[in-house]
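We count residues from 1, following the sequence as given. Counting starts at 1 for both ligands and their atoms, in listed order.
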Amino acid sequence: MSPVVLIAIALAVFVTWYAIEAIRRRSHPVKGGLQTNIKLPYTEEFELYSNEFSHCSRKARLVMAELAVPYKPHMISLIECGTYENIRPQYLRVNRAGLVPTLVHNGNPIYESDDILTYVSEYAAKEGKSLVPTDPKLQAQMHEWIENATISSDDPIGGMEKAAGACIPPLTMPLFFTSIKYIPFHRIAEGLIFHPHKVRPIMFMGIKVRGIHGMMKMGPLSKMILRARDAMAQHLVRLNDQLTNSGGPWILGETHSLADVSWTALLLRLEETGWLAHFVETQGLDAVSGYYDALKQRPSWTKAIENHRHPIIEQATVDFHEAVNTNDALRAALYS
Ligand SMILES: N[C@@H](CCC(=O)N[C@@H](CS)C(=O)NCC(=O)O)C(=O)O
């Protein structure tokens, strides 16, 4: 058979495969809350699809642990942890947006981590457990702090000066750089072909090529990281004031609430990416520092965080700290 015919056959096979896969992997944005119109297979009353490293997933696992609601866990890999499992047909049947977390209650999915927090809290309230204060003024404050720590599905980095959650993706960059080193190119290529937001796999390709030592030499990226850094410093100063004024130990004072669940995940992300120590040192955030220590003493921390550490992220964290300690230029670009 001539090479031309062979190439034509290979091309036809690829195009057919692509056309079938593209249909199987069709994704679209989803609205938050309980989806009564979707019924998924399930074996346990609650099943939670989450990722070890994802900020929003950690919030969902924390609320389940805080309110002692049992669930069957399904761990979904994201590219920074190894593969694009979130855009494969099996998971897209659970969540057409290809985002984690998804909580499934008796077969009905609940989307958006903040809606999961509210849903689980309302469910547990029937058994007398609650993470929502009864005072409407405190409730309003709680929602404001939750919203402040949210990563938007539509525009994850929009409004950094307004919301701490929007600063999280840029401030996570150091760990993306060091974790992606362990992910082969062909895995990222899966995202280039099928991810609904191509800019994400393109960015991962770029950061894999560049490596952590080149991170702050990437002009627009380094600008975005520094903007997020400066905005986050202000959010933490506000948190510090809130903790001081409320008298602590929690955001609303004596009541541990859903706001603290959200901020546990946020402070953890800042710790593992090295930012928390920098902010505490430069802004003098004693209240935040004590608050984070207290959060880590709660039993939910072990259940939702320690029991779900991911080896690639653990190694990436070590690599990042080593890079910063051995590269003066990188350290100066990040912290001065
Ligand atoms: N607003 C959504 C955001 C969900 C979201 O962005 N999840 C990220 C992880 S924190 C994700 O699944 N990313 C996968 C990807 O973009 O490939 C929520 O709070 O649940």
With Arg25 via salt bridge (charged side-chain N to carboxylate O under 4.0 Å, His left out) - residues at least two apart: Glu21, Glu190

What residue among His55, Lys59, Arg58 forms side-chain hydrogen bond (donor to acceptor under 3.5 Å, both in side chains) with Ser113? Lys59

Could you list, one pair per line, each nitrogen or oxygen of ligand 1 together with any protein nitrogen or oxygen closer than 3.5 Å, giving atom names and the distance rounded to 0.1 Å?
residue: ligand 1; atom: 1 (N); partner: Glu112; partner atom: OE1; Å: 2.7
residue: ligand 1; atom: 1 (N); partner: Ile151; partner atom: O; Å: 2.7
residue: ligand 1; atom: 1 (N); partner: Ser153; partner atom: OG; Å: 2.9
residue: ligand 1; atom: 7 (N); partner: Val100; partner atom: O; Å: 2.9
residue: ligand 1; atom: 12 (O); partner: Val100; partner atom: N; Å: 2.9
residue: ligand 1; atom: 16 (O); partner: Arg200; partner atom: NH1; Å: 2.5
residue: ligand 1; atom: 17 (O); partner: Asn86; partner atom: ND2; Å: 2.9
residue: ligand 1; atom: 17 (O); partner: His195; partner atom: NE2; Å: 2.7
residue: ligand 1; atom: 19 (O); partner: Ser113; partner atom: N; Å: 3.4
residue: ligand 1; atom: 19 (O); partner: Ser113; partner atom: OG; Å: 2.6
residue: ligand 1; atom: 20 (O); partner: Ser113; partner atom: N; Å: 2.9

Is a salt bridge present between Asp328 and Arg331, judged by a nitrogen-to-oxygen distance below 4.0 Å?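 Looking at Arg331 together with Asp328, the answer is yes, because their closest N to O distance falls below 4.0 Å.
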
Kindly assign one of parallel, tilted or perpendicular to the pair Tyr291 and Trp250, based on the angle between their ring planes and the thresholds 30° and 60°. perpendicular

Might you work through the ring pair (Phe, Tyr, Trp, His ring centres under 6.0 Å) test for Tyr18 and Phe194, ending with a clear yes or no? CA-CA 9 Å; Tyr18 175 76; Phe194 295 114; 5.8 Å; yes

With salt bridge (Lys or Arg N to Asp or Glu O under 4.0 Å) as the test, would you mind laying out the steps for Glu66 and Lys129 before giving the verdict? CA-CA 9 Å; Glu66 277 291 342; Lys129 299 177 276 183; over 6 Å; no

